[in-house]
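First up is the structure itself, then whatever we jot down about it.
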4 protein chains.
Amino acid sequence: MIKVGIVGGTGYTGVELLRLLARHPQVELTAITSRKEAGMKVADMFPNLRGRVGLAFTTPEEAGLEKCDVVFFATPNGVAMQQTRALLDAGVKVIDLAADFRIKDVKEWESWYKLEHACPDLIAEAVYGLPEVNREAIKKARLIANPGCYPTAAQLGFLPLIENGLVDTSHLVADCKSGVSGAGRKAETHILFAEAADNFKAYAVSGHRHLPEIRQGLSIAAGHQVGLTFVPHLTPLIRGIHATLYARLSKTDVDLQALYEKRYAGEPFVDVLPAGSHPETRSVRGANICRIALHRPQAGDVVVVLSVIDNLVKGAAGQAVQNMNLMFGFVETTAIDEIGLLP
Amino acid sequence: MIKVGIVGGTGYTGVELLRLLARHPQVELTAITSRKEAGMKVADMFPNLRGRVGLAFTTPEEAGLEKCDVVFFATPNGVAMQQTRALLDAGVKVIDLAADFRIKDVKEWESWYKLEHACPDLIAEAVYGLPEVNREAIKKARLIANPGCYPTAAQLGFLPLIENGLVDTSHLVADCKSGVSGAGRKAETHILFAEAADNFKAYAVSGHRHLPEIRQGLSIAAGHQVGLTFVPHLTPLIRGIHATLYARLSKTDVDLQALYEKRYAGEPFVDVLPAGSHPETRSVRGANICRIALHRPQAGDVVVVLSVIDNLVKGAAGQAVQNMNLMFGFVETTAIDEIGLLP
Amino acid sequence: MIKVGIVGGTGYTGVELLRLLARHPQVELTAITSRKEAGMKVADMFPNLRGRVGLAFTTPEEAGLEKCDVVFFATPNGVAMQQTRALLDAGVKVIDLAADFRIKDVKEWESWYKLEHACPDLIAEAVYGLPEVNREAIKKARLIANPGCYPTAAQLGFLPLIENGLVDTSHLVADCKSGVSGAGRKAETHILFAEAADNFKAYAVSGHRHLPEIRQGLSIAAGHQVGLTFVPHLTPLIRGIHATLYARLSKTDVDLQALYEKRYAGEPFVDVLPAGSHPETRSVRGANICRIALHRPQAGDVVVVLSVIDNLVKGAAGQAVQNMNLMFGFVETTAIDEIGLLP
Amino acid sequence: MIKVGIVGGTGYTGVELLRLLARHPQVELTAITSRKEAGMKVADMFPNLRGRVGLAFTTPEEAGLEKCDVVFFATPNGVAMQQTRALLDAGVKVIDLAADFRIKDVKEWESWYKLEHACPDLIAEAVYGLPEVNREAIKKARLIANPGCYPTAAQLGFLPLIENGLVDTSHLVADCKSGVSGAGRKAETHILFAEAADNFKAYAVSGHRHLPEIRQGLSIAAGHQVGLTFVPHLTPLIRGIHATLYARLSKTDVDLQALYEKRYAGEPFVDVLPAGSHPETRSVRGANICRIALHRPQAGDVVVVLSVIDNLVKGAAGQAVQNMNLMFGFVETTAIDEIGLLP
């Protein structure tokens, strides 16, 4: 039984962490902080938790986070970097669901996030929490940079191609579509129901913060800097990301299907569909899994990879729990083995 | 470990049964039948089940249902009544998710369902599977008539008022709204996305088959025949029923909130919200629970009860598993204790 | 050609007024005000208007509203009452789409709206802009209180019954469902897509501001105070209101269908459907029309009236233009004769 | 005043034609055929048309189509080619909204559509009805092949680049997203609300029938065969197509924004947004317009074009009416100048 704290639990990754952790047999939920909502019962804000999570929000000061075994940061960017060192010094492991520790190049991070980083040395220590790439390092880590939602879907889709040097890495394209919960639980006009329902649009085409994160992961896999065009779109789903990935094959005589199946053979949370399939976001709704399918339209030299996740689960809270399971030696699938809710 | 069969698993109650039963530690899924889809893997039709349910659809002949301990009928009305006697004779328990055994008055059933009943004597034996009313009888039953979705929400909402003789039972009103999955997984034009999205309508106002079922349950509780106006509506949700119930109080000096809290105090799957609350369907999405709230607008003599369920869980498959748990002496909440998926 | 000004055009009723007025052959759009967005082109906020409305938002001071022939207030409650007298004194007609002049009883208005009224004498002068009731008075009015969305649907549905004394007016029930645009274009959490999509809930059951407005209209029609239970619900539509109205018939030998058809025979914007119909909100999407259908379930003594409108058109901007047409002697249907957008 | 007939009016393009043509001052709607629904009033199937379109469906035999001035085919592929010659011979102009006359290469058409073509000579005569490319030919045409929805959005987006030889035409990418009405009004399971809502998926990645159509148009513009990867997706909108187009620039010193603005300067139904914009599908809901925006992410050598239309208007019925207007010398914008419905 480990003691778990959550900083900033009023957003969607917060409630999703609670939903998953409430069912975890080796977890004791100790504290969830929100300065603004201190005193309010979590279940009063998120009524799905009624009868299942008795905690109330507390101020950070009262939370006693330093007595936890692990603390999750489900906060806006720039918060975790202020509090992580003290927690690590107190022997607490940290999993940051925001972006504070994801980009190894501090200057690049600062230019995209418009903040000065509070602890560049910890960036170096932090392990990028994509278990399919860094499982062994995660097991030994004190500090996890939990991947972004788009980066999870895009990297898992591209990786086997890149790792095996099969495609032209100078002109990769990631056309990605996200449900609206990816924008967070913020009172902003453009994500109102009456604005976002029955509507589809691209956004941030000139540059989205997940671009350097995806590019970093793929560049490490390639062994050299890759070129990537990344276009995110908002689609009227509550949950779900669909990445449609395009690359030009430099070798066309490889059995890509076999390659992907082998790459992910032992992975509990990556499902390679039969050739020619079209994964649906609803097939992963609420589930900690990435489903991937491969296509070579008209048997040409372009490979199209389709990759879907639930942005709040494998793209955020579920992957964070997966990392926690690895860090504490629990069975990796504990509490994140739910079946997707379909329909 | 019991052997479980499902007849007719290609609809939404079928896939929902599979989702729940796949996680049940005392259940071995033995067979799922569909004459039309025989040979197809269940997970090829419902990709959320990939890696979790290995079964393929079989014809009823090959299914070996008579070797099961319990068989669920997730079939259109009129199917279960043809096969139930043989199964019962073979020692198999039966839970019918359709309406074949719900109405005790055979003539009334036949007039609403436009069929001649195949086994009127079994109607008499069947137990109406609403655990909050018939728990002890369910434990001993061989044959369960699993309640309809609207009837579950409406009865749980009305029962404490009726049982205690607090309202004028001659003019009850149940204004109910259902998500589109309640119409089933049938290729019909009016439930197409482009017809049902961004649209709201009433239907079957002249008479819906759930009317006699609700009326029967309330009349038993009242000890006399009640008068009910029931208007169902289709609302653009995938899952969810919201019942708004109106009754005129014959006694206005009763603490209704305390009455409801007491009535459902021991119930694992009925949640009475604080006075003045507004339950949301999303708070029960994917969960086997009914949430209820009470109002007396302007402190007048009209009581308004709000009652929400997930039509596929507490309104169908979840309640069916709850009945199975009771019939076999399992812990009542086994495999149906999931937290609602919010957002 | 009349000069038209709009105060507060950044909300949904504002953009809808612009959409309709841009096509009005006798209207010159002169000014649209928004202190916050002054200088921004209207079409930059509402891109559907690109190439069709060239106006930019201006401050109220610059707008020159006193030179308009008519000014629409598409503002929060409490704004119009501050500016109406000066406009009337300058010879400008005023149509208030908010609630400032809807309730004749000042004390009741102040208790529901938590404001002191700035000009009670103008309340007395204001004409309630429901053309189906007050057409002749509207033609002569200087000041119109444009009805609320729920009140439009509910009154048009109930009126023939009430006017003819056919029902028990002590216990009317209006169970109403609204699309999310009815909550306005405000950055509030509960109307975010990820909160309101795939969700259904009642709200303000203890008392909604449209209750006294509906009750006032029905009481005038009845000639005495009526008793009404009004329960509004939020449903995941962008646009649309569906009112389901219940009343107990005091006379059951009246041909209600004929009565309704006669009552609304000359009305261009009320459509009585054939008996037994179920009007759909999508059939009025974008259109200035109320469609009504009548039911007497099981031929009992309860009449159920179904009434649908588009809350932004017949429930707000369209009705306001209808009132303007009447006030200026234009053909009543000018610019508001669009056909609903289906699908 | 011209006489207009519609063959096959029970689908979404049929009702949309009726919605638009009902408001056309030079059109007399003469006949709408549906063998299956003969005798039913159009407004009984599509209640938005109540009071506006009095026609009933008739059998083709009774319709007297040969007395019309123009006949629209809103039919499945393969119908128009059976009836077009007789109509042309009778002096009737024909606009086919299906694909029978879109592909000039008969063999290619037959291989994609799995039909033998009934009148290859008429393919040669047919004019591809994209006014922005073929306006003058359309004016003189007897037979119009009205473009597909994806092809309209993709071609209008790509054309200025291709016509000016600015991009590598061997590896174009069109990642397109369509609302569900694009799949038609057919009773099929995969487009049910409970399947398509809150879900996103690609489909037909191995090859969609619009691929050869887009490729043909772009190849004509290029003067040589282009290479195109086209991936369509289904997104939970009722209406709307969003095309995200990718190409590698062969010249990077061209002012693309100016180029597009000049190319479409005189076009009433193409709107080039300011550089850096993100067009939304809702901005064209119900409107006959294509909105386009250009991006060069990180100022690299990849150009991203965003192009949105309403699939039923500029992507089908609206464009068909535009073609009719051109063929008969009417003002091109007549009856198709509606403003998009937002929100």
Side-chain angles (χ1 to χ4, degrees), chain A residues 11-12 15-16 18-23 41 43-53 179-182 184-185 193-194 197-198 236-239 267-274 277-287 289 291 293 308 310-313 337-343, chain B residues 11-12 15-16 18-23 41 43-53 179-182 184-185 193-194 197-198 236-239 267-274 277-287 289 291 293 308 310-313 337-343:
Chain A
Y12 293 136
V15 60
E16 193 69 355
L18 291 168
R19 184 178 72 89
L20 298 172
L21 292 173
R23 293 177 52 233
K41 283 201 153 192
D44 288 348
M45 178 173 285
F46 300 118
N48 61 323
L49 301 175
R50 280 177 59 84
R52 305 301 289 274
V53 175
V180 186
S181 67
R185 191 168 166 275
F193 181 89
D198 208 51
L237 313 175
I238 298 177
R239 294 163 174 250
E267 289 297 340
F269 296 123
V270 180
D271 177 23
V272 179
L273 303 186
S277 298
H278 300 97
E280 309 186 32
T281 58
R282 65 179 184 144
S283 78
V284 300
R285 187 188 293 135
I289 196 156
R291 297 198 203 274
V308 300
D310 182 323
N311 55 299
L312 296 180
V313 191
D337 59 346
E338 269 182 284
I339 296 174
L341 195 70
L342 179 158
Chain B
Y12 293 136
V15 60
E16 194 69 355
L18 290 169
R19 183 177 73 88
L20 298 172
L21 292 172
R23 293 177 52 235
K41 283 199 152 193
D44 288 348
M45 177 172 285
F46 301 118
N48 61 324
L49 301 175
R50 280 178 58 85
R52 305 299 289 273
V53 175
V180 185
S181 67
R185 190 169 167 274
F193 181 90
D198 206 52
L237 313 175
I238 298 178
R239 293 163 176 250
E267 288 297 340
F269 296 122
V270 180
D271 177 23
V272 180
L273 302 187
S277 299
H278 300 98
E280 309 186 30
T281 59
R282 64 178 185 146
S283 78
V284 299
R285 188 188 292 135
I289 196 155
R291 297 198 203 275
V308 300
D310 181 324
N311 54 299
L312 296 180
V313 191
D337 58 348
E338 268 181 285
I339 297 174
L341 196 70
L342 178 160

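Convention: sequence-line order gives letters A, B, ...; per-chain numbering from 1.
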Task: B:Phe46 side, atom CZ; A:Arg282 side, atom CZ - distance, nearest 0.5 Å - done: 8.5 Å
Open item on the list: What part of B:Val284 gets within 4.5 angstrom of chain A, counting heavy atoms only: side chain, backbone, both, or neither?
Closed with: neither
Open item on the list: Between A:Arg239 (side chain only) and B:Pro343 (backbone N and O only), is there a donor and an acceptor less than 3.5 Å apart?
Closed with: yes
Open item on the list: Return the CG to CD1 distance between B:Leu49 and A:Ile339, rounded to the nearest 0.5 Å.
Closed with: 6.0 Å
Task: Interchain contact, B:Arg185 with chain A, by part (heavy-atom threshold 4.5 Å) - done: neither
Open item on the list: Ignoring hydrogens, what is the shortest heavy-atom contact between B:Arg50 and A:Leu273? Give both atom names and the distance.
Closed with: NE-CD2, 3.0 Å
Open item on the list: For A:Leu341 versus B:Leu341, what's the shortest heavy-atom pair and its separation?
Closed with: CD2-CD2, 4.1 Å
Open item on the list: For A:Asp337, is there any backbone N or O sitting under 3.5 Å from a side-chain donor or acceptor partner on B:Arg23?
Closed with: no
Open item on the list: Looking at B:Arg285 and A:Asn48, would you say the former's side chain and the latter's main chain have a donor-acceptor pair under 3.5 Å?
Closed with: no
Open item on the list: Rounded to the nearest 0.5 Å, what separates atom CZ in A:Arg19 from atom CG in B:Leu342?
Closed with: 9.5 Å
Open item on the list: Which atoms of B:Ile289 are under 4.5 Å from chain A, going by heavy atoms: the side chain, the backbone, both sets, or neither?
Closed with: neither
- [ ] Could you look at B:Glu16 and say if it's the side chain, the backbone, both or neither that has a heavy atom under 4.5 Å from chain A?
- [x] side chain
- [ ] Using non-hydrogen atoms and a 4.5 Å limit, figure out which bit of B:Asp271 sits close to chain A: side chain, backbone, both or neither.
- [x] side chain
